[in-house]
Amino acid sequence: MSDNGYKSGSNLEKIFAMGEFAVTGECGPPKGSDVSVVKKKAEHLKGYVDAVNVTDNQTAIVRMSSIAASKILLDMGLEPVMQMTCRDRNRIAIQSDVFGASALGIKNMLCLSGDHQKFGNHPGAKNVYCLDSIQLINTIKTLRDEGKVMCGDEVEGETKMFIGAAANPFGDPFEFRVSRLAKKVEAGVDFIQTQCIYNMDKFKRWMKEVVDRGLHEKCKIMAGITPLKSLGMARYMAKNVSGIEVPEEIIARMKAAPKGKKAEEGIKIAVEQIQEVREMEGVAGVHLMAIEWEAKVPEIIKAAGLYPRPSPSA
Amino acid sequence: MIIGDLKNTDEILDSIDDAKKVLVMGCRGCVTICQVGGEKEVALLASQLRIGDKARGRNREIIELTIERQCDAEFIEPILGKVKEVDKVLSLACGIGVQYVSDLGLPTPVVPGINTTFLGVNLDTGLWKERCQACGDCVLEITGGICPIARCSKSLLNGPCGGSADGKCEIDPDVECAWQLIHDRLKALGKLENIERVIPARSWATSRDGGPRTRIREDLRSISREEG
């Protein structure tokens, strides 16, 4: 641990340390090297979130690297959460990239299994999975806290990362989902961002077990929220996105909203969801994934009463 | 056992196009059991090739032969003469058999007639599923006899990932989630504690990642030397 008592000293870590309800956003890098795409998305988020997740070739579609896009955000004065999947890198590449990220000033990362390459634009790619997401968490914790790479060799310099991971309360088997979170805690995770929540009752049941097992005291739980843009999107998420449940009542609300007011209704639902999770014991923040809809983040954050964002002193 | 699939006819025809005399060689091992490279399949393929040749006005000799195992010198040595007589061997054995015959140092090229697909089981007529990747470090005692390396699409040791839904894998609704199966089996056995702690990163050096594998059993080699 560093001198100031922080593991990484990231803005996100400090917000949690202050006891504030944290807000993270998300930025998907472009399918190419067009920096303006990253900058445009980032401008919408600046000042409205405490940190921004930068996805790592999400849905296995080739995009600008998460490390490079994270560095662009840093240079713009935003704090990135660099996502890293186990799909594309073995343990040599993972540790090397984390050193590189740390050297560039990146202080948060999210450890993920990654969507299978079958979904993406290179289904013939080799999948690596030298480590799984839980082993990745432990690898980063060892780098940070013991200053050692997996083989035990000492590292040169510090790797101060605030370590995040995902949790899907809606994956199966439901009864094992909290145990899986407990394994991430055992591996050394600092914060968790959940899959997009639409089925609030199920999330509440999951959260209750998390609190009963005291896991919310060992890591910060951020509830995942994705505003629905349209009825089509609601139906698509319900049917096609693995690990997401959209209850009929949400679909019905989107359906009932008048034409031209669907997006407004989607935002209204998101704001209500934020307010609802904020009241729940053990929820320490929200992760707002406004997919290709970053421009609406300021409106949602303001409506949810989460603006202005606190600024931790150094 | 080793499972294989017959290659498509065009690919087979291309691979033997330059040969005037072809030996279609089957194997009575795994490929006979999975009905892709045994005596029956050799006869069927040879007859298809003859019909195809005839249709194109081509006159070449197609010979059939199925031996006990193509991965064993004992069964190959007696038929070396036949191999020498042809321009090409079209082997319906797995990749191991193809290579074993190729490695004998004969001038006759050996080409594969099947794609070796996986190590698996026959669950029903015409239905095979993968069960093992020969990774060299078996974890079946922890996972209730269900292999996460071969049967989880991501080979996760600490699954299931977020893509497990209704017992199925995110990659395909017809693929079972290995970790749902592992969870259910361990629950039934009263051994869920096996997967409640973190399973640490494993070494893949015992798998193909460590390079081509060789197994030396000195105990057997010394007996063999004594018997000389």
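These numbers come from a predicted model, not from an experiment. To find a chain, count down the sequence lines: A is the first, B the second, and so on, and within it residues start at 1.
- The environment of B:Lys187 atom NZ is sparse: at most 12 non-hydrogen atoms of other residues, nucleotides or ligands sit within 6.0 angstrom.
- Contact count versus chain B (heavy atoms, under 4.5 Å) is highest, among A:Arg177, A:Gln195, A:Arg91, for A:Arg177.
- Other residues, nucleotides and ligands contribute over 12 non-hydrogen atoms within 6.0 Å of the CG atom of B:Leu189.
- In this structure the side chain of B:Lys154 never reaches within 4.5 angstrom of the side chain of A:Arg87, judged on heavy atoms.
- Contact of A:Asn127 with chain B is made through the side chain alone, with heavy-atom distances under 4.5 Å.
- Residue with the most contacts toward chain A among B:Ile195, B:Asp184, B:Leu192: B:Ile195 (heavy-atom pairs, distance under 4.5 Å).
- Of the two parts of A:Asp132, the backbone and the side chain both hold a non-hydrogen atom closer than 4.5 Å to a non-hydrogen atom of chain B.
- Per-residue counts of heavy-atom pairs under 4.5 Å with chain A were compared for B:Cys161, B:Cys169, B:Gly162, B:Pro160; the largest is that of B:Pro160.
- Interface summary for chain B: among A:Ser113, A:Pro173, A:Cys86, the most heavy-atom pairs under 4.5 angstrom belong to A:Pro173.
- Residue A:Ile137 holds its CD1 atom at 9.5 Å from CG of B:Asn158, rounded to the nearest 0.5 Å.
- For chain B, the nearby parts of A:Cys130 are the backbone and the side chain; heavy atoms of each come within less than 4.5 Å.
- Contact of the A:Arg180 side chain with the B:Trp179 side chain is not registered, since no non-hydrogen atoms from C-beta on lie closer than 4.5 Å.
- No more than 12 heavy atoms of other residues, nucleotides or ligands shown are found within 6.0 angstrom of CZ on B:Arg197.
- Looking at B:Glu170 and A:Lys118, no side-chain N of the basic residue comes within less than 4.0 Å of a carboxylate O on the acidic one, giving no salt bridge.
- From A:Phe176, atom CZ reaches atom CD1 of B:Ile182 across 9.5 Å, with rounding to the nearest 0.5 Å.
- In this structure, chain A has heavy atoms under 4.5 Å from both the backbone and the side chain of B:Asp166.
- Ion pairing between A:Lys183 and B:Glu196 fails under the 4.0 Å rule for side-chain N and carboxylate O.
- Contact record, B:Ile171 with A:His116: CG2-CG, 3.3 Å, taken as the closest heavy-atom pair.
- Salt bridge absent: B:Lys168 and A:Asp172 never bring a charged side-chain N and a carboxylate O closer than 4.0 Å.
- A 4.5 Å side-chain heavy-atom check between B:Trp204 and A:Asn90 finds every atom pair outside the cut-off.
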